[in-house]
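Every number for a ligand or one of its atoms is a count from 1 in the order of the listing.
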Amino acid sequence: MTAQIIDGIALSKHLRSEVATRAQALITKGVTPGLAVVLVGDNPASQVYVRNKVKACEDSGLYSVLEKYEVSMTEADLLARVEALNHDPAIHGILVQLPLPAHIDAQKVIEAISPAKDVDGFHIASAGALMTGMPGFWPCTPYGCMKMLESIGYNLKGKHAVVIGRSNIVGKPMALMLLQKDATVTVCHSHTQDLKAITLQADVIVAAVGKRNVLTADMVKPGAVVLDVGMNRNEEGKLCGDVDFEGVKQVASHITPVPGGVGPMTITMLLVNTLEAAERASN
Ligand code: NAP
């Protein structure tokens with residue numbers, strides 16, 4: 001079997017055109033969806049991420065502003081900036097790019113964002129909403145994974161989904177979203193014993209670890225769907241995921257590539273959340 005590739009670029013293009021259409025409808029009502037992206041310091045990877053996010057907004061007709069601050073910015077000043085954005089009617093979504101410099105308490109800053117503008121979905125209120133099935137913003141990366149499963153018409157009901165990784169931004173919310181769709185979910189982490197025995201039982205595997213080749217072909221049940229969230233570099237410095245793509249694609253029914261898989265979907269779901277925030281604010 002050679003797996004069908006779930007193309008995150010093509011799916012993103014489709015979803016972003018829907019975002020652009022919905023944004024246009026809001027704009028004609030006098031509301032331009034707006035995202036504020038806040039970057040503190042000069043982390044090179046973060047600079048690339050924020051540029052991509054701002055460009056994606058502009059390409060879909062959303063307003064976006066990038067606020068860049070020196071690494072020496074104090075926590076109090078950042079909290080004051082977030083508070084001002086909470087009250088800015090032109091801004092519907094606020095994203096503070098992580099990681100923040102060590103002298104700033106990132107959790108405190110995230111909790112300062114109004115839940116109504118928490119388009120990253122990292123606020124404790126958003127986590128609580130996801131946990132209880134209430135309306136709120138879902139973290140963009142696992143939300144993108146759900147959209148990828150939806151795009152292939154995959155019915156999760158009664159299926160065994162295995163999530164490798166339990167971070168607050170990917171693994172845990174991923175597990176909750178899968179559970180909400182009636183999958184039976186197993187969450188694995190660095191203390192899991194015999195990962196292979198667990199993944200071999202899975203109908204769906206989401207790898208969100210940050211280590212190359214965490215999932216190899218011998219660990220995958222024939223026909224399983226494999227989503228690769230990982231972002232790593234190989235010996236040649238090329239971007240790669242957590243999954244041995246070449247091997248696993250011989251066994252899985254569907255697989256996401258890296259690059260071109262979950263990555264673009266993460267930014268797309270940020271646009272979706274920002275649009276949603278603007279629609280909610282305008283109602
Ligand atoms: P993280 O906070 O470092 O969490 C990694 C998780 O993997 C932890 O729960 C850890 O377990 C677990 N783990 C580590 N070694 C393991 C092993 N050998 N077997 C099983 N589990 C193991 O990372 P993250 O923020 O969730 O991100 C995960 C990966 O996704 C990274 O490569 C990141 O760059 C990537 N990512 C990609 C996107 C995207 O848009 N494509 C977005 C976000 C993240 P413990 O909890 O026990 O330590």
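Among protein heavy atoms, the minimum distance from atom 2 (O) of ligand 1 is reached at S167 CB, 3.3 Å. The protein heavy atom nearest to atom 15 (N) of ligand 1 is K211 NZ, 2.9 Å. Nearest to atom 11 (O) of ligand 1 among the protein's heavy atoms is S190 N, 3.1 Å. Scanning all protein heavy atoms for the shortest distance to atom 31 (C) of ligand 1 gives G210 CA, 3.6 Å.
Remark: distances from the non-hydrogen atoms of G171 to ligand 1 are all 4.0 Å or more. Distances from ligand 1 to the non-hydrogen atoms of V229 include at least one value under 4.0 Å.
Between atom 6 (C) of ligand 1 and the options G165, P139, P142, C145, the minimum heavy-atom separation is to G165. Comparing M265, H189, R166 by heavy-atom distance to atom 19 (N) of ligand 1, the nearest is H189. If you check each of T141, I164, V209 against atom 16 (C) of ligand 1, the one with the closest non-hydrogen atom is V209. If you check each of T266, N232, I169 against atom 39 (C) of ligand 1, the one with the closest non-hydrogen atom is T266.
When hydrophobic clusters are built by joining Ile, Leu, Val, Met, Phe, Trp and Tyr residues whose side-chain heavy atoms come closer than 4.5 Å, directly or via intermediates, V65 is not grouped with L95.
Using modelled atom types, one side-chain atom of T199 and one backbone atom of K196 make a donor-acceptor pair closer than 3.5 Å. Of the possible donor and acceptor atoms, none in the side chain of D120 sits under 3.5 Å from a partner among the backbone N and O of F122. Judged by distance alone, the side chain of D242 and the main-chain N or O of G210 form a donor-acceptor pair under 3.5 Å.
Close approach to A208 involves these atoms of ligand 1, each under 4.0 Å from a residue heavy atom: 5 (C), 6 (C), 7 (O), 28 (C). Counting the atoms of ligand 1 from 1 in the order shown, those under 4.0 Å from a heavy atom of G263 are 40 (O), 41 (N). Under a 4.0 Å criterion applied to the non-hydrogen atoms of V170, ligand 1 contributes the atoms 26 (O), 43 (C), 44 (C).
Salt-bridge formation is detected for the pair E150/K147: a Lys NZ or Arg NE/NH1/NH2 atom is positioned less than 4.0 Å from an Asp or Glu carboxylate oxygen.
The two residues D228 and G241 come nearest to each other via the heavy atoms OD2-CA, 3.3 Å. Looking at every heavy atom in both residues, G165 comes nearest to V209 through N-CG2, 4.4 Å.
A side-chain N or O of T268 and one of R16 form a donor-acceptor pair less than 3.5 Å apart.
On a distance-only criterion, M231 and ligand 1 share at least one N/O pair closer than 3.5 Å.
Taking the ring axis of Y154 as reference, the NZ or CZ atom of K159 stays within 45° of it and closer than 6.0 Å to the ring centre.
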